[in-house]
Amino acid sequence: MFDRLKLLLEKAGNIAGEKDPDKLIPMLADLAKSILEADRCSLFLFDQDRNVLYTLVAHGGVRIEVSPDKGIVGAAFRNKEPLLIPDAYSDPRFNPEVDKQTGYKTRNIIALPLIDSRENVIGVFQVINKHGGDFTDEDMQILQLISVYASNSLESSRLYAKLKSAYRETVLRLSHASEYKDQDTYNHIVRIGLMANLIARKLGFDQEFCENIQLAAPMHDIGKIGIPDAILLKKGKLDPEEWEVMKTHTILGYDILKDSENELLQMAARIALEHHERWDGTGYPYGKSGEDISVEARITTISDVFDALTSKRPYKDPWPVSEAVKYMKDLSGKQFDPNIIETFFQNLDEILKIKEEYKD
Ligand code: C2E
Ligand code: SIN
Ligand code: SIN
Ligand code: SIN
Ligand code: FE
(Lines give C-alpha, C1' and ligand atoms only; values in the text may rest on other atoms or scores of the structure.)
(Ligands and ions follow the chains in the order given, each with its own letter.)
Protein backbone atom coordinates (compact mmCIF):
# COMPACT_ATOMS: atom_id res chain seq x y z
CA MET A 1 0.00 0.00 0.00
CA PHE A 2 2.78 2.42 0.97
CA ASP A 3 4.55 2.10 -2.37
CA ARG A 4 1.38 2.60 -4.32
CA LEU A 5 0.45 5.68 -2.32
CA LYS A 6 3.89 7.07 -2.91
CA LEU A 7 3.53 6.47 -6.63
CA LEU A 8 0.11 8.09 -6.54
CA LEU A 9 1.38 11.19 -4.75
CA GLU A 10 4.28 11.53 -7.14
CA LYS A 11 2.16 11.23 -10.24
CA ALA A 12 -0.66 13.36 -8.87
CA GLY A 13 1.87 16.08 -8.06
CA ASN A 14 2.87 16.20 -11.69
CA ILE A 15 -0.64 16.93 -12.84
CA ALA A 16 -1.77 19.17 -9.99
CA GLY A 17 -1.08 22.32 -12.00
CA GLU A 18 -3.19 21.30 -14.98
CA LYS A 19 -6.31 23.46 -15.23
CA ASP A 20 -7.60 22.42 -18.61
CA PRO A 21 -10.12 19.59 -18.09
CA ASP A 22 -9.52 18.31 -21.63
CA LYS A 23 -5.96 17.51 -20.64
CA LEU A 24 -6.50 16.77 -16.98
CA ILE A 25 -9.11 14.06 -17.27
CA PRO A 26 -7.13 11.77 -19.58
CA MET A 27 -4.16 12.19 -17.24
CA LEU A 28 -6.23 11.06 -14.28
CA ALA A 29 -7.62 8.11 -16.20
CA ASP A 30 -4.10 7.01 -17.14
CA LEU A 31 -3.03 7.40 -13.56
CA ALA A 32 -5.87 5.17 -12.34
CA LYS A 33 -5.16 2.57 -14.97
CA SER A 34 -1.48 2.30 -14.20
CA ILE A 35 -1.75 2.32 -10.42
CA LEU A 36 -4.58 -0.20 -10.38
CA GLU A 37 -2.92 -2.31 -13.06
CA ALA A 38 -6.17 -2.40 -14.93
CA ASP A 39 -6.84 -2.87 -18.58
CA ARG A 40 -9.24 -0.01 -19.11
CA CYS A 41 -10.46 3.11 -17.42
CA SER A 42 -13.37 5.36 -18.33
CA LEU A 43 -14.67 8.55 -16.87
CA PHE A 44 -18.36 9.18 -17.37
CA LEU A 45 -19.91 12.61 -16.89
CA PHE A 46 -23.61 13.20 -16.40
CA ASP A 47 -25.38 15.34 -18.97
CA GLN A 48 -28.49 16.56 -17.22
CA ASP A 49 -30.24 17.95 -20.30
CA ARG A 50 -30.05 14.66 -22.15
CA ASN A 51 -30.17 12.36 -19.11
CA VAL A 52 -27.15 10.34 -20.21
CA LEU A 53 -23.77 9.45 -18.83
CA TYR A 54 -21.16 10.00 -21.54
CA THR A 55 -17.48 9.14 -21.56
CA LEU A 56 -14.98 11.97 -21.35
CA VAL A 57 -12.29 9.35 -21.55
CA ALA A 58 -13.47 6.11 -23.07
CA HIS A 59 -11.87 2.73 -22.91
CA GLY A 60 -10.53 1.80 -26.29
CA GLY A 61 -11.07 5.39 -27.42
CA VAL A 62 -14.70 4.88 -28.38
CA ARG A 63 -17.16 7.44 -27.06
CA ILE A 64 -19.84 5.67 -25.08
CA GLU A 65 -23.18 6.87 -23.75
CA VAL A 66 -25.15 4.93 -21.18
CA SER A 67 -28.41 5.53 -19.41
CA PRO A 68 -28.18 6.42 -15.71
CA ASP A 69 -31.01 3.91 -15.21
CA LYS A 70 -29.03 0.91 -16.41
CA GLY A 71 -25.90 -1.09 -15.77
CA ILE A 72 -23.18 -0.99 -13.14
CA VAL A 73 -22.20 2.55 -14.03
CA GLY A 74 -25.83 3.66 -13.74
CA ALA A 75 -26.18 1.92 -10.37
CA ALA A 76 -23.08 3.60 -8.97
CA PHE A 77 -24.43 6.91 -10.22
CA ARG A 78 -28.02 6.55 -8.97
CA ASN A 79 -27.16 5.15 -5.57
CA LYS A 80 -24.09 7.34 -5.02
CA GLU A 81 -22.37 4.13 -4.09
CA PRO A 82 -18.97 2.65 -4.92
CA LEU A 83 -19.25 -0.80 -6.48
CA LEU A 84 -16.70 -3.60 -6.76
CA ILE A 85 -17.99 -6.25 -9.14
CA PRO A 86 -15.82 -9.40 -9.18
CA ASP A 87 -17.70 -11.12 -12.01
CA ALA A 88 -19.63 -8.78 -14.27
CA TYR A 89 -21.60 -11.37 -16.21
CA SER A 90 -23.01 -12.96 -13.08
CA ASP A 91 -24.26 -9.58 -11.76
CA PRO A 92 -27.87 -8.91 -12.77
CA ARG A 93 -27.21 -5.14 -12.95
CA PHE A 94 -24.50 -5.52 -15.58
CA ASN A 95 -25.42 -4.18 -18.99
CA PRO A 96 -23.69 -6.27 -21.70
CA GLU A 97 -24.71 -3.89 -24.50
CA VAL A 98 -21.47 -1.93 -24.25
CA ASP A 99 -19.41 -5.09 -24.63
CA LYS A 100 -21.51 -6.02 -27.64
CA GLN A 101 -20.80 -2.64 -29.20
CA THR A 102 -17.09 -2.62 -28.48
CA GLY A 103 -16.33 -6.33 -28.84
CA TYR A 104 -14.59 -6.28 -25.50
CA LYS A 105 -15.03 -8.84 -22.73
CA THR A 106 -15.56 -7.29 -19.30
CA ARG A 107 -14.55 -9.55 -16.40
CA ASN A 108 -14.45 -7.33 -13.33
CA ILE A 109 -15.31 -3.68 -12.59
CA ILE A 110 -14.83 -0.97 -10.03
CA ALA A 111 -17.29 1.91 -10.46
CA LEU A 112 -17.12 4.97 -8.21
CA PRO A 113 -19.44 7.96 -8.20
CA LEU A 114 -17.74 11.35 -8.68
CA ILE A 115 -19.17 13.71 -6.10
CA ASP A 116 -18.75 17.48 -6.10
CA SER A 117 -18.50 19.84 -3.13
CA ARG A 118 -22.26 20.24 -2.92
CA GLU A 119 -22.65 16.47 -2.71
CA ASN A 120 -24.05 16.20 -6.21
CA VAL A 121 -23.01 13.20 -8.26
CA ILE A 122 -21.41 14.57 -11.41
CA GLY A 123 -20.27 11.33 -13.01
CA VAL A 124 -18.71 7.90 -12.57
CA PHE A 125 -15.14 6.71 -12.57
CA GLN A 126 -14.93 3.18 -13.91
CA VAL A 127 -12.00 0.77 -14.07
CA ILE A 128 -12.25 -2.57 -15.85
CA ASN A 129 -10.33 -5.87 -15.86
CA LYS A 130 -7.52 -6.14 -13.33
CA HIS A 131 -4.44 -7.61 -15.01
CA GLY A 132 -4.22 -11.28 -14.15
CA GLY A 133 -6.71 -11.32 -11.31
CA ASP A 134 -9.33 -9.63 -9.17
CA PHE A 135 -9.66 -6.09 -7.86
CA THR A 136 -9.07 -5.78 -4.11
CA ASP A 137 -10.41 -3.46 -1.43
CA GLU A 138 -7.08 -1.68 -1.61
CA ASP A 139 -7.65 -1.00 -5.31
CA MET A 140 -10.99 0.44 -4.37
CA GLN A 141 -9.47 2.71 -1.72
CA ILE A 142 -6.84 3.98 -4.11
CA LEU A 143 -9.38 4.67 -6.81
CA GLN A 144 -11.42 6.52 -4.22
CA LEU A 145 -8.47 8.84 -3.58
CA ILE A 146 -8.03 9.46 -7.29
CA SER A 147 -11.73 10.03 -7.77
CA VAL A 148 -11.85 12.66 -5.03
CA TYR A 149 -9.02 14.34 -6.84
CA ALA A 150 -10.80 13.96 -10.17
CA SER A 151 -14.04 15.48 -8.97
CA ASN A 152 -12.26 18.34 -7.22
CA SER A 153 -10.16 19.08 -10.23
CA LEU A 154 -13.06 18.81 -12.59
CA GLU A 155 -15.15 21.08 -10.45
CA SER A 156 -12.41 23.64 -9.91
CA SER A 157 -11.42 23.72 -13.54
CA ARG A 158 -15.02 24.24 -14.57
CA LEU A 159 -15.42 26.89 -11.89
CA TYR A 160 -12.14 28.46 -12.88
CA ALA A 161 -13.17 28.76 -16.51
CA LYS A 162 -16.51 30.26 -15.51
CA LEU A 163 -14.95 32.58 -12.99
CA LYS A 164 -12.37 33.73 -15.44
CA SER A 165 -14.85 34.66 -18.12
CA ALA A 166 -17.20 36.36 -15.65
CA TYR A 167 -14.22 38.18 -14.23
CA ARG A 168 -13.02 39.32 -17.63
CA GLU A 169 -16.36 40.73 -18.52
CA THR A 170 -16.73 42.49 -15.16
CA VAL A 171 -13.36 44.14 -15.53
CA LEU A 172 -14.10 45.33 -19.04
CA ARG A 173 -17.53 46.65 -18.08
CA LEU A 174 -16.16 48.44 -15.03
CA SER A 175 -13.35 49.98 -17.03
CA HIS A 176 -15.84 51.14 -19.57
CA ALA A 177 -18.17 52.57 -16.91
CA SER A 178 -15.33 54.73 -15.66
CA GLU A 179 -14.69 56.12 -19.13
CA TYR A 180 -18.04 56.35 -20.81
CA LYS A 181 -18.45 59.96 -19.78
CA ASP A 182 -15.68 61.19 -21.99
CA GLN A 183 -17.16 59.16 -24.82
CA ASP A 184 -14.57 56.47 -25.00
CA THR A 185 -16.25 53.46 -26.42
CA TYR A 186 -16.30 49.96 -25.00
CA ASN A 187 -14.24 48.99 -28.03
CA HIS A 188 -11.55 51.51 -27.07
CA ILE A 189 -10.83 49.69 -23.84
CA VAL A 190 -11.03 46.29 -25.52
CA ARG A 191 -8.49 47.49 -28.11
CA ILE A 192 -6.07 48.79 -25.51
CA GLY A 193 -6.13 45.43 -23.76
CA LEU A 194 -5.60 43.48 -26.97
CA MET A 195 -2.80 45.75 -28.15
CA ALA A 196 -1.04 45.51 -24.79
CA ASN A 197 -1.37 41.72 -24.87
CA LEU A 198 0.05 41.62 -28.40
CA ILE A 199 3.08 43.77 -27.53
CA ALA A 200 3.74 41.79 -24.35
CA ARG A 201 3.68 38.56 -26.34
CA LYS A 202 6.05 39.94 -28.96
CA LEU A 203 8.38 41.07 -26.17
CA GLY A 204 8.44 37.46 -24.94
CA PHE A 205 6.45 37.67 -21.72
CA ASP A 206 4.77 34.49 -20.46
CA GLN A 207 1.12 33.69 -20.96
CA GLU A 208 0.06 34.70 -17.46
CA PHE A 209 1.61 38.14 -17.83
CA CYS A 210 -0.01 38.60 -21.24
CA GLU A 211 -3.44 37.55 -19.98
CA ASN A 212 -3.10 39.85 -17.00
CA ILE A 213 -2.04 42.90 -18.99
CA GLN A 214 -4.93 42.36 -21.38
CA LEU A 215 -7.29 42.93 -18.47
CA ALA A 216 -5.19 45.38 -16.48
CA ALA A 217 -4.43 47.85 -19.29
CA PRO A 218 -8.13 48.69 -19.82
CA MET A 219 -8.30 49.89 -16.20
CA HIS A 220 -5.58 52.52 -16.69
CA ASP A 221 -7.98 55.50 -16.65
CA ILE A 222 -10.29 54.18 -13.95
CA GLY A 223 -9.35 57.26 -11.85
CA LYS A 224 -11.15 59.51 -14.33
CA ILE A 225 -14.26 58.51 -12.44
CA GLY A 226 -13.17 61.10 -9.84
CA ILE A 227 -12.57 63.95 -12.31
CA PRO A 228 -15.39 66.55 -12.53
CA ASP A 229 -17.37 66.49 -15.78
CA ALA A 230 -16.67 70.17 -16.42
CA ILE A 231 -13.02 69.22 -16.89
CA LEU A 232 -13.37 65.75 -18.34
CA LEU A 233 -15.88 66.79 -20.99
CA LYS A 234 -14.44 70.20 -21.82
CA LYS A 235 -14.37 70.81 -25.56
CA GLY A 236 -11.02 72.47 -25.93
CA LYS A 237 -7.78 73.09 -24.07
CA LEU A 238 -7.64 72.75 -20.30
CA ASP A 239 -6.38 75.77 -18.35
CA PRO A 240 -3.44 75.15 -15.97
CA GLU A 241 -5.64 74.62 -12.91
CA GLU A 242 -7.88 72.19 -14.74
CA TRP A 243 -4.83 70.37 -15.99
CA GLU A 244 -3.55 69.90 -12.42
CA VAL A 245 -6.87 68.27 -11.53
CA MET A 246 -6.85 66.11 -14.65
CA LYS A 247 -3.40 64.76 -13.82
CA THR A 248 -4.65 63.38 -10.51
CA HIS A 249 -6.60 60.66 -12.38
CA THR A 250 -3.40 58.59 -12.13
CA ILE A 251 -3.21 58.72 -8.34
CA LEU A 252 -6.98 58.36 -7.97
CA GLY A 253 -6.86 55.18 -10.06
CA TYR A 254 -3.97 53.83 -8.04
CA ASP A 255 -5.86 54.45 -4.79
CA ILE A 256 -8.89 52.59 -6.09
CA LEU A 257 -6.88 49.52 -7.10
CA LYS A 258 -3.86 49.31 -4.82
CA ASP A 259 -5.20 47.49 -1.75
CA SER A 260 -6.09 44.20 -3.37
CA GLU A 261 -3.79 41.21 -3.05
CA ASN A 262 -4.93 40.01 -6.46
CA GLU A 263 -1.97 40.04 -8.83
CA LEU A 264 -4.03 41.34 -11.70
CA LEU A 265 -5.34 44.31 -9.70
CA GLN A 266 -1.86 45.08 -8.42
CA MET A 267 -0.67 45.22 -11.99
CA ALA A 268 -3.63 47.43 -12.86
CA ALA A 269 -2.74 49.75 -9.94
CA ARG A 270 0.82 50.19 -11.24
CA ILE A 271 -0.50 50.89 -14.72
CA ALA A 272 -3.03 53.44 -13.46
CA LEU A 273 -0.30 55.23 -11.52
CA GLU A 274 2.41 55.19 -14.17
CA HIS A 275 0.76 55.28 -17.58
CA HIS A 276 1.56 59.00 -18.03
CA GLU A 277 5.16 58.75 -16.88
CA ARG A 278 7.70 59.22 -19.66
CA TRP A 279 10.91 57.38 -20.47
CA ASP A 280 12.94 60.63 -20.10
CA GLY A 281 11.42 61.51 -16.72
CA THR A 282 9.23 64.44 -17.87
CA GLY A 283 5.86 62.74 -17.27
CA TYR A 284 3.44 62.78 -14.32
CA PRO A 285 2.58 62.26 -11.49
CA TYR A 286 6.09 61.57 -10.14
CA GLY A 287 8.50 62.11 -13.02
CA LYS A 288 9.80 58.54 -12.89
CA SER A 289 12.08 57.56 -15.75
CA GLY A 290 13.36 54.54 -17.70
CA GLU A 291 12.99 51.16 -16.08
CA ASP A 292 11.78 52.73 -12.83
CA ILE A 293 8.48 52.81 -14.65
CA SER A 294 6.95 49.32 -14.61
CA VAL A 295 7.12 47.54 -17.95
CA GLU A 296 3.34 46.98 -17.91
CA ALA A 297 2.87 50.77 -17.72
CA ARG A 298 5.43 51.37 -20.50
CA ILE A 299 3.51 48.96 -22.72
CA THR A 300 0.10 50.40 -21.85
CA THR A 301 1.20 53.99 -22.54
CA ILE A 302 2.09 53.12 -26.09
CA SER A 303 -1.23 51.34 -26.72
CA ASP A 304 -3.15 54.17 -25.07
CA VAL A 305 -1.50 57.03 -26.92
CA PHE A 306 -1.69 55.30 -30.30
CA ASP A 307 -5.35 54.53 -29.77
CA ALA A 308 -6.11 58.02 -28.39
CA LEU A 309 -4.38 59.75 -31.31
CA THR A 310 -6.17 57.71 -33.94
CA SER A 311 -9.59 58.06 -32.23
CA LYS A 312 -11.98 60.96 -31.82
CA ARG A 313 -11.96 62.81 -28.49
CA PRO A 314 -14.20 65.65 -27.23
CA TYR A 315 -11.17 67.90 -27.65
CA LYS A 316 -9.81 66.57 -30.98
CA ASP A 317 -10.49 64.73 -34.25
CA PRO A 318 -8.79 61.42 -35.05
CA TRP A 319 -5.33 61.57 -36.62
CA PRO A 320 -4.46 59.50 -39.69
CA VAL A 321 -2.41 56.42 -38.80
CA SER A 322 0.64 57.65 -40.73
CA GLU A 323 0.75 60.86 -38.70
CA ALA A 324 0.33 59.04 -35.42
CA VAL A 325 3.18 56.69 -36.37
CA LYS A 326 5.50 59.53 -37.30
CA TYR A 327 4.62 61.50 -34.16
CA MET A 328 5.24 58.53 -31.88
CA LYS A 329 8.48 57.47 -33.58
CA ASP A 330 9.86 60.94 -32.94
CA LEU A 331 9.15 60.44 -29.26
CA SER A 332 11.11 57.19 -28.97
CA GLY A 333 13.50 57.55 -26.06
CA LYS A 334 11.67 60.69 -24.93
CA GLN A 335 8.09 59.77 -24.08
CA PHE A 336 8.36 56.07 -24.97
CA ASP A 337 10.62 53.13 -24.21
CA PRO A 338 12.64 52.78 -27.46
CA ASN A 339 12.64 48.99 -27.39
CA ILE A 340 8.89 48.71 -26.89
CA ILE A 341 8.02 51.35 -29.47
CA GLU A 342 10.15 49.47 -32.00
CA THR A 343 8.33 46.22 -31.25
CA PHE A 344 5.03 48.06 -31.52
CA PHE A 345 5.73 49.37 -35.01
CA GLN A 346 7.29 46.12 -36.18
CA ASN A 347 3.87 44.63 -35.56
CA LEU A 348 1.78 47.50 -36.87
CA ASP A 349 -0.12 45.20 -39.24
CA GLU A 350 -1.51 43.22 -36.34
CA ILE A 351 -2.18 46.39 -34.35
CA LEU A 352 -4.20 47.80 -37.24
CA LYS A 353 -6.11 44.51 -37.48
CA ILE A 354 -7.18 44.99 -33.86
CA LYS A 355 -8.18 48.57 -34.69
CA GLU A 356 -10.22 47.37 -37.65
CA GLU A 357 -11.86 44.46 -35.89
CA TYR A 358 -12.92 46.56 -32.88
CA LYS A 359 -13.59 49.88 -34.58
CA ASP A 360 -15.96 52.40 -33.03
P1 C2E B 1 -6.84 60.67 -23.44
O2 C2E B 1 -7.74 61.53 -24.27
O3 C2E B 1 -7.23 59.24 -23.26
O4 C2E B 1 -5.38 60.76 -24.04
C5 C2E B 1 -4.38 59.91 -23.58
C6 C2E B 1 -3.04 60.38 -24.04
O7 C2E B 1 -2.94 60.32 -25.47
C8 C2E B 1 -2.71 61.83 -23.70
O9 C2E B 1 -2.20 61.93 -22.39
C10 C2E B 1 -1.64 62.15 -24.74
O11 C2E B 1 -0.42 61.58 -24.37
C12 C2E B 1 -2.13 61.40 -25.97
N13 C2E B 1 -2.97 62.29 -26.78
C14 C2E B 1 -4.30 62.21 -26.97
N15 C2E B 1 -4.72 63.15 -27.83
C16 C2E B 1 -3.64 63.87 -28.19
C17 C2E B 1 -3.42 65.02 -29.06
O18 C2E B 1 -4.33 65.56 -29.69
N19 C2E B 1 -2.14 65.46 -29.18
C20 C2E B 1 -1.12 64.88 -28.51
N21 C2E B 1 0.11 65.39 -28.67
N22 C2E B 1 -1.28 63.82 -27.68
C23 C2E B 1 -2.52 63.32 -27.52
P24 C2E B 1 -2.25 63.32 -21.64
O25 C2E B 1 -1.85 64.43 -22.54
O26 C2E B 1 -1.48 63.16 -20.37
O27 C2E B 1 -3.77 63.53 -21.29
C28 C2E B 1 -4.42 62.72 -20.34
C29 C2E B 1 -5.88 62.92 -20.42
O30 C2E B 1 -6.20 64.27 -20.13
C31 C2E B 1 -6.47 62.64 -21.80
O32 C2E B 1 -6.74 61.28 -21.97
C33 C2E B 1 -7.75 63.51 -21.76
O34 C2E B 1 -8.76 62.85 -21.02
C35 C2E B 1 -7.30 64.68 -20.94
N36 C2E B 1 -6.88 65.81 -21.83
C37 C2E B 1 -5.65 66.04 -22.32
N38 C2E B 1 -5.64 67.15 -23.08
C39 C2E B 1 -6.89 67.66 -23.06
C40 C2E B 1 -7.53 68.81 -23.65
O41 C2E B 1 -6.92 69.60 -24.36
N42 C2E B 1 -8.85 69.01 -23.39
C43 C2E B 1 -9.55 68.12 -22.62
N44 C2E B 1 -10.85 68.36 -22.43
N45 C2E B 1 -9.00 67.03 -22.04
C46 C2E B 1 -7.69 66.82 -22.25
C1 SIN C 1 -6.78 21.95 -10.73
O2 SIN C 1 -7.57 21.95 -11.67
O3 SIN C 1 -6.27 20.92 -10.28
C4 SIN C 1 -6.37 23.25 -10.10
C5 SIN C 1 -7.53 24.16 -9.94
C6 SIN C 1 -7.13 25.53 -9.44
O7 SIN C 1 -6.13 25.65 -8.71
O8 SIN C 1 -7.80 26.50 -9.78
C1 SIN D 1 -22.17 -1.36 -17.12
O2 SIN D 1 -22.27 -0.18 -16.73
O3 SIN D 1 -22.87 -2.25 -16.69
C4 SIN D 1 -21.14 -1.71 -18.14
C5 SIN D 1 -20.56 -0.53 -18.74
C6 SIN D 1 -19.28 -0.84 -19.44
O7 SIN D 1 -18.95 -1.99 -19.69
O8 SIN D 1 -18.57 0.11 -19.76
C1 SIN E 1 -9.11 35.72 -10.84
O2 SIN E 1 -8.25 36.35 -10.24
O3 SIN E 1 -10.08 35.23 -10.24
C4 SIN E 1 -9.01 35.52 -12.32
C5 SIN E 1 -7.73 36.10 -12.87
C6 SIN E 1 -7.68 36.02 -14.37
O7 SIN E 1 -8.70 36.03 -15.05
O8 SIN E 1 -6.55 35.96 -14.90
FE1 FE F 1 -4.75 58.51 -18.55
Side-chain angles (χ1 to χ4, degrees), residues 174-193 195-196 199 213 216-257 267-289 293-294 296-337 340-341 344 351 355 358 360:
L174 269 179
S175 308
H176 182 220
S178 72
E179 292 206 24
Y180 78 105
K181 285 195 296 187
D182 65 334
Q183 294 172 15
D184 276 355
T185 61
Y186 185 69
N187 278 354
H188 164 68
I189 61 133
V190 173
R191 288 196 299 266
I192 291 199
M195 289 177 189
I199 303 170
I213 200 172
M219 293 187 255
H220 69 281
D221 270 343
I222 216 156
K224 280 186 180 170
I225 210 156
I227 304 296
D229 286 2
I231 298 176
L232 197 60
L233 302 182
K234 184 171 177 181
K235 293 193 166 59
K237 281 255 150 254
L238 303 176
D239 68 33
E241 252 170 68
E242 290 168 335
W243 182 238
E244 287 309 311
V245 176
M246 176 56 89
K247 287 197 291 190
T248 64
H249 79 277
T250 51
I251 293 170
L252 289 174
Y254 178 70
D255 284 341
I256 292 171
L257 297 164
M267 182 193 266
R270 289 190 293 273
I271 291 175
L273 185 64
E274 298 174 340
H275 73 280
H276 289 295
E277 298 289 6
R278 296 178 173 218
W279 185 253
D280 64 6
T282 63
Y284 62 91
Y286 296 133
K288 288 185 187 176
S289 64
I293 308 163
S294 67
E296 48 271 33
R298 282 179 271 140
I299 293 172
T300 302
T301 301
I302 292 174
S303 316
D304 180 34
V305 173
F306 181 77
D307 206 66
L309 289 175
T310 55
S311 304
K312 186 173 161 32
R313 287 285 188 271
Y315 61 94
K316 66 172 251 317
D317 285 329
W319 295 17
V321 168
S322 59
E323 255 174 69
V325 169
K326 183 175 178 317
Y327 172 83
M328 289 179 72
K329 273 192 179 154
D330 287 343
L331 290 173
S332 172
K334 299 182 183 113
Q335 184 166 350
F336 306 119
D337 178 331
I340 301 178
I341 199 93
F344 186 83
I351 295 289
K355 210 61 212 173
Y358 294 89
D360 297 324

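Whatever order the structure lists ligands and atoms in, that order sets their numbers, starting from 1.
- Inclusion of His249 in the set of residues having an N or O under 3.5 Å from an N or O of ligand 1 is not warranted.
- Put simply, Asp304 stays out of reach of the Fe ion (ligand 5), with no N, O or S atom under 2.8 Å from it.
- The closest non-hydrogen atom to atom 19 (N) of ligand 1, taken over Tyr284, Tyr315, Trp319, comes from Trp319.
- Listed by number with element, the atoms of ligand 1 under 4.0 Å from a non-hydrogen atom of Ala308 are 4 (O), 5 (C), 7 (O), 14 (C).
- Atoms of ligand 1 lying under 4.0 Å from any heavy atom of Ile231, numbered from 1 in the order shown and given with element: 44 (N).
- Contact between Leu233 and ligand 1 is absent, with no heavy atom of the residue lying under 4.0 Å from the ligand.
- Among the backbone and side-chain atoms of His249, an N, O or S atom lies under 2.8 Å from the Fe ion (ligand 5).
- No part of Lys235 comes within 4.0 Å of ligand 1, judged by heavy-atom distances.
- Every atom of ligand 1 with a heavy atom of Tyr327 under 4.0 Å away is listed here by number and element: 20 (C), 21 (N), 22 (N).
- Residue Gly236 has at least one nitrogen or oxygen atom sitting less than 3.5 Å from a nitrogen or oxygen atom of ligand 1, judged on distance alone.
- The backbone N or O of Met267 sits nowhere less than 3.5 Å from a side-chain atom of Glu296 that would complete a donor-acceptor pair.
- Near Lys237, meaning under 4.0 Å from one of its heavy atoms, ligand 1 places the atoms 41 (O).
- The side chain of Met246, and not its backbone, has at least one atom closer than 4.0 Å to an atom of ligand 1 (non-hydrogen atoms only; side chain from C-beta on).
- The NE2 atom of His276, the Fe ion (ligand 5) and the OD1 atom of Asp221 define an angle of 170° (nearest 10 degrees).
- At least one side-chain heavy atom of Ile271 sits under 4.5 Å from a side-chain heavy atom of Ile213.
- The shortest distance between side-chain heavy atoms of Leu232 and His249 does not fall below 4.5 Å.
- Here the closest non-hydrogen pair linking Val245 and Pro228 is CG1-CD, 4.0 Å.
- Considering every non-hydrogen atom in both Trp279 and Ser289, the closest pair reads O-CB, 3.3 Å.
- Here the shortest heavy-atom distance to atom 32 (O) of ligand 1, taken over Lys224, Arg313, His220, Lys316, belongs to Lys224.
- Put simply, no part of Gly283 is less than 4.0 Å from ligand 1, judged by heavy atoms.
- In the vicinity of Asp304, heavy-atom distances shorter than 4.0 Å reach the ligand 1 atoms 5 (C).
- With contacts defined as side-chain heavy-atom distances shorter than 4.5 Å, the pair Tyr286/Thr250 does not qualify.
- The pair Glu323-Lys326 does not meet the salt-bridge criterion, since no charged nitrogen lies less than 4.0 angstrom from a carboxylate oxygen.
- Ligand 1 places these atoms under 4.0 Å from at least one heavy atom of Lys234: 43 (C), 44 (N).
- Under the 3.5 Å distance criterion, the side-chain polar atoms of Lys316 are matched with a main-chain donor or acceptor of Leu309.
- The two residues His275 and Thr301 have their closest heavy-atom pair at O-OG1, 2.9 Å.
- Glu242 places a side-chain N or O within 3.5 Å of a backbone atom of Asp239 that can act as its donor or acceptor partner.
- Taking distance alone, with nitrogen or oxygen atoms compared against 3.5 Å, Trp243 stays at or beyond that limit from ligand 1.
- No side-chain donor-acceptor contact under 3.5 Å links Glu277 to the backbone of Ile293.
- Between Gln335 and ligand 1 there is a heavy-atom distance shorter than 4.0 Å.
- In this structure, Ser332 contributes its side chain and Lys329 its backbone to no donor-acceptor pair below 3.5 Å.
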